[in-house]
Amino acid sequence: MKKSVFLGALTVAGMVAGSAAAATLDDVKARGTLNCGVSTGLPGFSSADESGHWEGFDVAVCRAVAAAVLGDPEAVEFVPTTGKTRFTALASGEIDLLARNTTWTLSRDVDLKFEFVGVNYYDGQGFLVPKELGVTSAKELDGATVCIQTGTTTELNLADFFRANNISYEPVPIETNTEARQQYIAGACDAYTTDASGLAASRATFEDPTAHVILPEIISKEPLGPLVRHGDNAWGDIARWTLNALIAAEEYGITSTNIDEMLAGTDNPEINRILGTEGNLGEMLGLDADWAVRAIKAGGNYGEIFAKNIGEDTTIGLARGLNAQWKDGGILYSMPFR
């Protein structure tokens, strides 16, 4: 009797979760657009140009998912969110996917009921200071005023770091990256702290970037990645494997320029499965065989997206570091396509 009740409960739970998951995919298809949450403007990662066209490293994830599901990388409605509003927007259904520099943590995964579908940037929290301040280490910031975004993991990290080093600070709370840059440049704070990638992005917008220094200390682990709501298993699978397709494409040498040639067939079964010329992985996801092809064509593979938006040849100037492929000394790799 207990066994049948247990199995019955599992069946009901599975039906509820299944219907919730199907609802998001069905809603996106019916709407004809993907509602994707991004930042309010972080150069290189997600920002709109003068014509309102969104570009950036995180934006590319939104466009890849839209291409995979809807066949059009432009079929995206971008919803700017702050550190405080991003989770409400996702939980309420205002957005289908949050692709905004958001750290994967236990409480966000479990307590807030979200599902992170992977990591698209391995980061860590750092400090930006004016060179004229003469500071070479974050441990020299005793008594400093520090600009910090509210509603983020950086608040707790900052408190922990200063407490561990027995030094004090005065927080200057800000809501958005734009406000942080304005306050920092205006001298409202001695230092600005956030993810090191965000500091590099902000510094690139300054009139004289060389007048500002990112201190050597990285005080946290910040695995940043896209997320969906709990219960959206099928939708989460689509977002997860779209990201994996971009990462795997770089590993296997599939690029936006040679993908059509590879569609003719290769000797590598993994490549063929990714491109849908072999197997039925698309069908498993509820998509057609060309879903990954469209995702990769949308903006290129992971390496192409990185180089174009935030790489060493851009004004952001980030090295691959931990975000290099596992074969190249980094920790980035896709789960197997099989």
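All values below were derived from every heavy atom in this structure, side-chain atoms included, with hydrogens, water molecules and symmetry-related copies excluded. The first residue of the sequence shown is numbered 1, and numbering continues consecutively from there.
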Checking Asp96 against Trp235 for the side-chain contact (heavy atoms from CB on, under 4.5 Å) test, could you report, in this order, the C-alpha distance in whole Å, the side-chain angles of both residues, the deciding distance, and whether it holds?
CA-CA 9 Å; Asp96 309 303; Trp235 179 245; 4.0 Å; yes
Donor-acceptor contact below 3.5 Å, side chain Asn280 vs main chain Glu283
no
After noting the C-alpha distance and the side-chain angles of Thr178 and Thr176, does the key distance pass the side-chain hydrogen bond (donor to acceptor under 3.5 Å, both in side chains) rule?
CA-CA 5 Å; Thr178 300; Thr176 67; 4.6 Å; no
Within the structure provided, determine whether Pro43 and Ile316 are in side-chain contact (heavy-atom separation under 4.5 Å).
yes
Passes side-chain contact (heavy atoms from CB on, under 4.5 Å), Leu199 versus Asp195? Steps please.
CA-CA 6 Å; Leu199 297 178; Asp195 299 336; over 6 Å; no
Ion pair check, Asp26 and Lys29, cut-off under 4.0 Å:
no
Between Val228 and Val117, does the side-chain contact (heavy atoms from CB on, under 4.5 Å) criterion hold? Intermediate values first, please.
CA-CA 7 Å; Val228 298; Val117 300; 4.2 Å; yes
Evaluate the salt bridge (Lys or Arg N to Asp or Glu O under 4.0 Å) criterion for residues Arg240 and Asp237: first the C-alpha distance (whole Å), next the side-chain angles of each, then the deciding distance (0.1 Å), finally the verdict.
CA-CA 5 Å; Arg240 176 180 300 106; Asp237 288 342; 2.9 Å; yes
Heavy atoms, side chains only, cut-off 4.5 Å: are Pro226 and Leu243 in contact?
yes
Is the closest side-chain donor-acceptor distance between Thr85 and Thr82 under 3.5 Å?
yes
May I ask whether Val28 and Leu227 are part of the same hydrophobic cluster, defined by side-chain heavy atoms of I, L, V, M, F, W, Y residues being less than 4.5 angstrom apart, directly or through others?
yes
Main chain of Asp190, side chain of Thr145: is a donor-acceptor contact present, judged purely on distance under 3.5 Å?
yes
Check whether any side-chain heavy atom of Val146 sits under 4.5 Å from a side-chain heavy atom of Val172, and report yes or no.
no
Measure the acute angle between the ring planes of Tyr184 and His212, then classify it against the limits of 30° and 60° as parallel, tilted or perpendicular.
tilted
Go through the steps for Arg100 and Ser46 under the test side-chain contact (heavy atoms from CB on, under 4.5 Å), then give the verdict.
CA-CA 8 Å; Arg100 176 198 186 280; Ser46 55; 5.6 Å; no
Where the side chain of Asn258 meets the backbone of Gly253, is there a donor-acceptor pair that is under 3.5 Å apart?
yes
Under 6.0 Å between ring centres, would you say that holds for Tyr192 and Phe127?
no
In terms of hydrophobic clustering (I, L, V, M, F, W, Y; side-chain heavy atoms under 4.5 Å; direct or indirect links), are Tyr121 and Ile219 co-clustered?
no
So does Ala324 get a backbone contact from the side chain of Asp328, meaning a donor-acceptor N/O pair under 3.5 Å?
no
Can the positive tip of Arg229 be found less than 6.0 Å from the middle of the six-membered ring of Phe114, inside 45° of the ring normal?
no
Just by distance, do the side chain of Glu250 and the backbone of Asn301 share a donor-acceptor pair under 3.5 Å?
no
Could you tell me whether a side-chain N or O of Ser202 sits under 3.5 Å from a main-chain N or O of Gly198, the two making a donor and an acceptor?
yes
Do Thr103 and Lys221 touch side chain to side chain, with heavy atoms closer than 4.5 Å?
no
I'd like to check Met262 versus Ile271 (side-chain heavy atoms, cut-off strictly below 4.5 Å). Are they in contact?
yes
Expected output: side-chain Asn309 to main-chain Ile305 donor-acceptor under 3.5 Å:
yes
I'd like to know if Arg63 pairs up with Glu74 as an ion pair, taking the criterion as any Lys NZ or Arg NE/NH1/NH2 lying under 4.0 Å from an Asp or Glu carboxylate oxygen.
yes
Same cluster for Phe337 and Val119 if Ile/Leu/Val/Met/Phe/Trp/Tyr side chains link at under 4.5 Å?
yes
Side chains of Phe45 and Ile310: does their closest heavy-atom pair fall under 4.5 Å?
yes
Taking Glu251 as the fixed residue, which of Tyr302, Tyr333, Trp326 is the one that meets the side-chain hydrogen bond (donor to acceptor under 3.5 Å, both in side chains) rule?
Trp326
N-O pairing of Glu77 and Arg31 below 4.0 Å:
no
Could you tell me whether Asp260 and Lys297 make a salt bridge, using a distance below 4.0 angstrom between a side-chain N and a carboxylate O?
yes
Closer than 4.0 angstrom, basic N to acidic O: yes or no for Arg294 and Asp288?
yes
Do Gln125 and Thr194 have side chains that approach each other closer than 4.5 Å (heavy atoms only, starting at C-beta)?
no
Apply ring pair (Phe, Tyr, Trp, His ring centres under 6.0 Å) to Tyr252 and list each qualifying residue two or more places apart in sequence or on a separate chain.
none
Should Leu224 and Trp54 be counted in the same cluster of Ile, Leu, Val, Met, Phe, Trp and Tyr side chains packed under 4.5 Å apart?
no
side-chain hydrogen bond (donor to acceptor under 3.5 Å, both in side chains) partner of Glu222, chosen from Thr102, Thr105, Asn101, Asn157:
Asn157
Residues at least two apart in sequence or cross-chain that pass side chain to side chain contact (heavy atoms under 4.5 Å, CB included) with Ser168, listed by chain then number, are Asp142
Main-chain N/O of Gly151 paired with Glu155 side-chain donor or acceptor, under 3.5 Å:
yes
Check whether Glu179 reaches the backbone of Glu175 with its side chain - one donor and one acceptor, N or O, closer than 3.5 Å.
yes
Could you check whether any side-chain heavy atom of Leu128 comes within less than 4.5 Å of a side-chain heavy atom of Thr193, counting everything from C-beta outward?
no
Do any N or O atoms from the side chain of Asn272 and from the backbone of Leu275 form a donor-acceptor pair under 3.5 angstrom?
no
How far apart are the C-alpha atoms of Asn268 and Thr266, what are their side-chain angles, what is the distance that settles it, and do they pass the side-chain hydrogen bond (donor to acceptor under 3.5 Å, both in side chains) test?
CA-CA 5 Å; Asn268 188 320; Thr266 74; 5.6 Å; no
With hydrophobic residues grouped by side-chain heavy-atom distances under 4.5 Å, do Leu106 and Phe116 end up in a single group?
no
